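A short write-up of the structure that comes next.
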Protein chains: 2
Amino acid sequence: MTKSRATMTQVARLAGVSIKSVSRVINREAHISPRLRERVEAAIAELNYTPDTAARSLAGARAFVVGVLFDNPSPNYTMNIVGGAHEACSAQGYHLRIDNLDSTEQDRALADQLEAVLSHGRCDGFVLTPPLTDIPLVLDTLERHDVRFVRIAPVLAPGRTPTVQIDDFAAAGAVAQCLWGMGHRHFGFVGGPPSHGAAGTRRAGFFSRLKALGLEAMPSEASGDFSFDGGIAAGFALLRTATPPTAIFAANDDMAAGVMVAAAQCGLAVPRDLSVFGFDDSWVALSVWPYLSTVHQPIRAMASAAVSLLLDHPREALALEPVTLDWTLIERGSHGPVRPER
Amino acid sequence: MTKSRATMTQVARLAGVSIKSVSRVINREAHISPRLRERVEAAIAELNYTPDTAARSLAGARAFVVGVLFDNPSPNYTMNIVGGAHEACSAQGYHLRIDNLDSTEQDRALADQLEAVLSHGRCDGFVLTPPLTDIPLVLDTLERHDVRFVRIAPVLAPGRTPTVQIDDFAAAGAVAQCLWGMGHRHFGFVGGPPSHGAAGTRRAGFFSRLKALGLEAMPSEASGDFSFDGGIAAGFALLRTATPPTAIFAANDDMAAGVMVAAAQCGLAVPRDLSVFGFDDSWVALSVWPYLSTVHQPIRAMASAAVSLLLDHPREALALEPVTLDWTLIERGSHGPVRPER
DNA sequence: AATTCATTTGGCAACGCTGTCAAACAATGC
DNA sequence: GCATTGTTTGACAGCGTTGCCAAATGAATT
């Protein structure tokens, strides 16, 4: 980028105003006459001027950097978060920083990792993704350093910090409803690791709705650790019983894909012999056959909203009321009506 | 990050030297006495000083930003690229910029997208990923703007720019060798879109080795567009013939996963009735059952190397000799010895 | 008409660092 | 011993922007 870029001084000269006024227009400050604004905007357009981030950051209080902190093994999830956050950032001329923490570390080590992140460079705020959102040590450390942050889909201490989420409880309820409506009465549930709180919420929503619908024998359960492998194992555990379920709901798509493998191994055809539902609508949902029925979580939009929350509000005015985005039930090929009892 | 960070002036005062000397130590400039360096480094450590990127960028020629340009539908691939590039960047205190182009656009529109990217902010260089690496317009535009860039796995005009790659030809040959050694004599190949040049190289390497091994009837072929869907369709095309192949090599993992679906639909068990090989060792390779045999491409390392190439060499000294990283044949469960002819 | 107050604009000193140039110092050759 | 060269250090002026304060302008009140 050798090509010399226009500077504020040049814009000011062309518009016949002071550079301070140009600055005001750019920052949308109050008390600018329409006439001045027009002149400046014309000059900006003519010179194709873009403010220099480095200079803005040096002179002002903002760093023009927001960070995403994650510790999520799924590249699909992470990529969507990064993509969404990046979109929101670059729309406002901010840089995105990515930091991978290892939450399985000891407390002490985790704290050190965080300190390292914080001392690495200035940052206007962070976006936290699960399971980091629910680790008290992380929240405490961030708050102690007086750092702004938004949590995505936290379970712990809702209302403690600004939050972006979906209604996992209701979404899981919708899955139960859908399956129930197709005649299923024998259910299985594959849960996630305890560290991932949302898995618990999804379980609660699923069970609660089934109960409300009048189900007596609660679903059999197996834990799958949110992984494909875990899903296979959980699938076997659920399927190799005297009265196997006719429908299995897994708390994420990877495990649901694993359940489908287990079903195939057991000689069960999906969806004829077994209905499978996932959660997330991640990449893997379209990499299995039949395509996985699942709950679409607008992950990109959530990350984007989290960044906007950080950027659009003055330092103190971060709303604590959670921003709740919509989920969608995606009915693809992995579920269907229950077969008549043989 | 309200906590006030140490500045160069403070370090200089503590070490009893001028700020310029501190600057010299930080930038590893020549002509610094060991004594001075030690004193400064001690002071830096004591104050936990980190140079301010914004100030460095404003004062100096570097922007401390490198960009990744991509247009790749696979989040796995992209995430690895971004991860690797980010790693290399943050190790040197650089920011990473991500820009998604749409290479299916008209030339004019593509050029506009590029111009927008270039005028968006200063940048010390770009990393290009396929298929952008092989679009002459992109290369021309970047060169015309006098922008440094490194291409990852290009096919077009090797040697024109700095490049990081693997030896696709040899890797595909190794797949052929492996399959041949297990007794296979009837092969199928699933190719990628013409825009993705590496698919062609993989095909050439596969065919060439088979020929060298003495195969007479060249493999049947089908095109799969690098997608799961395309792989399913190609799998059917290959399998539903009078003399179906006993081994299929797909130019990427997504298509290979699709081939496995087609095989299952045709009542063929993998690897008993059909051996399947993929390429990339992406996330999907471990999301199918049996796990996919494939060629591991060190994508993170490649991106990381690309950034290092950009950062470690002075403006003019980018080596044009391609950096070639190692691939690995990953033999998992989707291939095996051919069944005796029935 | 004079006074007060709010609105709109400008001047200028930072912000933390690097580039340029020059000064101080040490080593070498005659 | 003095000029010459090379090495090591420091002084200082920006880089492009924002924050603070003051000045100019206009409107409203007495």
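None of these values were measured; they are calculated from a predicted model. Residue numbers begin at 1 in each chain, while the letters A, B, ... track the order of the sequences.
In this structure, the CD1 atom of B:I26 is 11 Å from the C1' atom of C:dT18, given to the nearest Å. One atom, CG of A:D52, and another, C1' of C:dC17, lie 14 Å apart when rounded to the nearest Å. Between the CG atom of A:L36 and the C1' atom of C:dG10 there is a distance of 11 Å, given to the nearest Å. Note: CZ (A:R39) to C1' (C:dT9) measures 11 Å, nearest angstrom. The interatomic distance linking B:F64 (CZ) with C:dG16 (P) rounds to 16 Å, in whole Å. Here the C1' atom of nucleotide C:dC15 and the CG atom of B:L58 are 9 Å apart, to the nearest Å.
Close approach of DNA chain D to chain B, defined as any atom under 4.0 Å from a non-hydrogen atom of the protein, starts and stops at D:dT7 to D:dG16.
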- Item | Intermediate values then yes/no, salt bridge (charged side-chain N to carboxylate O under 4.0 Å, His left out), A:D99 and A:R97 | CA-CA 7 Å; A:D99 282 286; A:R97 227 184 98 182; 2.8 Å; yes
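Side-chain atoms of B:S308 come within 3.5 Å of backbone atoms of B:S304 as a donor-acceptor pair (strictly under, hydrogens ignored). In terms of modelled atom types and a separation under 3.5 Å, the side chain of A:D102 and the main chain of A:T104 share a donor-acceptor contact. Put simply, the side chain of A:R122 never gets that close to the backbone of A:V65: no donor and acceptor are under 3.5 Å apart. Of the possible donor and acceptor atoms, none in the side chain of A:S23 sits under 3.5 Å from a partner among the backbone N and O of A:I19.
Mapping A:A54 and B:S18 onto DNA chain D by nearest heavy atom places B:S18 closer to the 5' end of the strand.
When distances run from any side-chain atom of B:T7 to the nucleotides C:dT9, C:dG16, C:dG10, the shortest one goes to C:dG16.
Atoms CG and SG, from A:L311 and A:C89 in turn, are 6.5 Å apart once rounded to the nearest 0.5 Å.
Counting non-hydrogen atoms under 4.0 angstrom, A:Y49 reaches the backbone sugars and phosphates but no base.
A tilted orientation is assigned to the rings of B:F64 and B:Y94, their planes being inclined by 30° to 60°.
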Can you check nucleotides 19-28 of chain C for protein contacts, nitrogen or oxygen pairs under 3.5 Å, and list what you find?
{"residue": "C:dG19", "atom": "N7", "partner": "B:K20", "partner atom": "NZ", "Å": "2.7"}

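In terms of phosphate contacts, A:S33 brings a side-chain nitrogen or oxygen within less than 4.0 Å of OP1 or OP2 of C:dT9.
Proximity of B:V164 to B:P322: side-chain heavy atoms (C-beta onward) are nowhere separated by under 4.5 Å.
At a cut-off of 3.5 Å, with distance as the only test, a side-chain donor of A:D312 or A:Q92 sits close to an acceptor on the other residue.
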